[in-house]
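Since this is a predicted model, take the numbers as computed values, not measurements. The sequence lines fix the lettering, A, B, ..., with proteins before strands; numbering per chain opens at 1.
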Protein chains: 2
Amino acid sequence: MPHRKAQNLEIDNLDIQILSILMKNATTPYTEIAKELIVSGGTIHVRMKKLEEMGVIKGASLEVDPQKLGYDITAFLGIYLEKGSQYQEAVAQLKKINEIVELHYTTGSWSIFAKIVCHDTNHLREVLNENIQSVSGIQRTETFISLEESIKRQITLE
Amino acid sequence: MPHRKAQNLEIDNLDIQILSILMKNATTPYTEIAKELIVSGGTIHVRMKKLEEMGVIKGASLEVDPQKLGYDITAFLGIYLEKGSQYQEAVAQLKKINEIVELHYTTGSWSIFAKIVCHDTNHLREVLNENIQSVSGIQRTETFISLEESIKRQITLE
DNA sequence: GTTGAAAAGTGCTGCGA
DNA sequence: TCGCAGCACTTTTCAAC
């Protein structure tokens, strides 16, 4: 039986530097990263493969400007559940609402905290009254509308 | 003087379909998108260039798993300002705090609403007590810790 | 505006150190 | 384990429709 070599699953400084560059711009060529970090292109490739296998890298996604696509309203929702135990069931139903882009189970007053993106105030009202209020277990919601998004970035590594 | 042809700055259904595919996976080859939408690779390229010039596409970024990089705590902060007029100044100072990944000016109880990512509870306490409380104009903050992130996605186009 | 193919650049794989 | 070089693939460009 062949001996399978144990893979090095540690994240070192080089990995962090590679991730830092690609988190800012995912289209940066490997050769350019290699030149900047003074290693070969092959090394970048090996490290990226390792990070993907480790699950550190979940994928690459295109960032779009929602406003330019007609989505003008970003709002946050604090949701009160009748019972905390209804969380999983409520989430399953809330997942079907496409306007919800982020959802957390949080400490504090609310059970659920959600971020929602809509075309306009009418659209927001529709989603709140028709879609969200009809989810079983939801008692009431509190809405905060974002008037300005001043920061939107990823974590800075080390 | 040469006549500069006016560029078509409308977003049609083809653009939306291209964006939808790339928002799910930004590494999808143009040739594959072309095959799926039954147009040529060149067309995809022209449309992408148009969308970039229009500012609809802000860039592509690598998605990483913060937990696998040692960032275990995601929290939301409601921030009370002494005066609403201090917003711009407070934001300028808050931008320097790397742990803050998102910041909004919102309606409702708080003036500012922020999302923050930290290593652990100690790190969160440090950022709250040392960095955020020392920003001028901030009266007090309310913290909500995310115990589970159940949804994290981009808007679904049309 | 779209097409199809050629040119340029990037990512991947195996061999050598 | 890393670096180099050749191969495969993708992006980009451009003349023609």
Between [N] ([atom2]) and [X] ([atom1]): distance, integer Å:
X: I33(A); N: dG11(C); atom1: CD1; atom2: P; value: 8 Å
X: I44(B); N: dT3(C); atom1: CD1; atom2: C1'; value: 12 Å
X: E52(B); N: dT11(D); atom1: CD; atom2: P; value: 12 Å
X: K35(B); N: dG4(C); atom1: NZ; atom2: P; value: 15 Å
X: Y30(A); N: dG3(D); atom1: OH; atom2: C1'; value: 17 Å
X: M48(B); N: dT12(D); atom1: CE; atom2: C1'; value: 13 Å

field: L94(B) with I73(B), same ILVMFWY side-chain cluster at under 4.5 Å
entry: yes

field: salt bridge (charged side-chain N to carboxylate O under 4.0 Å, His left out) evaluation trace for K152(A) with E63(A)
entry: CA-CA 11 Å; K152(A) 172 80 170 178; E63(A) 278 171 40; over 6 Å; no

Under 4.0 Å between a side-chain N/O of [X] and OP1 or OP2 of [N], yes or no?
X: R47(B); N: dG1(C); value: no
X: H45(A); N: dC12(C); value: yes
X: T43(A); N: dG3(D); value: yes

- request: Taking only Lys NZ, Arg NE, NH1 and NH2, and the carboxylate oxygens of Asp or Glu, determine whether D65(B) and K58(A) approach each other closer than 4.0 Å.
  value: no

Using a 4.5 Å cut-off on heavy atoms from C-beta on, say whether the side chain of [Y] contacts that of [X].
X: E99(B); Y: V117(B); answer: no
X: K49(B); Y: V46(B); answer: no
X: I21(A); Y: L37(A); answer: yes
X: V127(A); Y: H123(A); answer: yes

field: Positions of residues 14-29 of chain B (non-hydrogen atom under 4.0 Å from DNA chain C), listed by number
entry: none

query: Given dT3(C), dG11(C), dG3(D), which nucleotide is nearest the side-chain atoms of S40(B)?
result: dT3(C)

field: From dG4(C), dT11(D), dG11(C), nucleotide with atom closest to T31(B) side chain
entry: dT11(D)

message: Using heavy-atom distances to pick each residue's nearest nucleotide on DNA chain C, tell me which of E32(A) and G42(A) is more 5'.
response: E32(A)

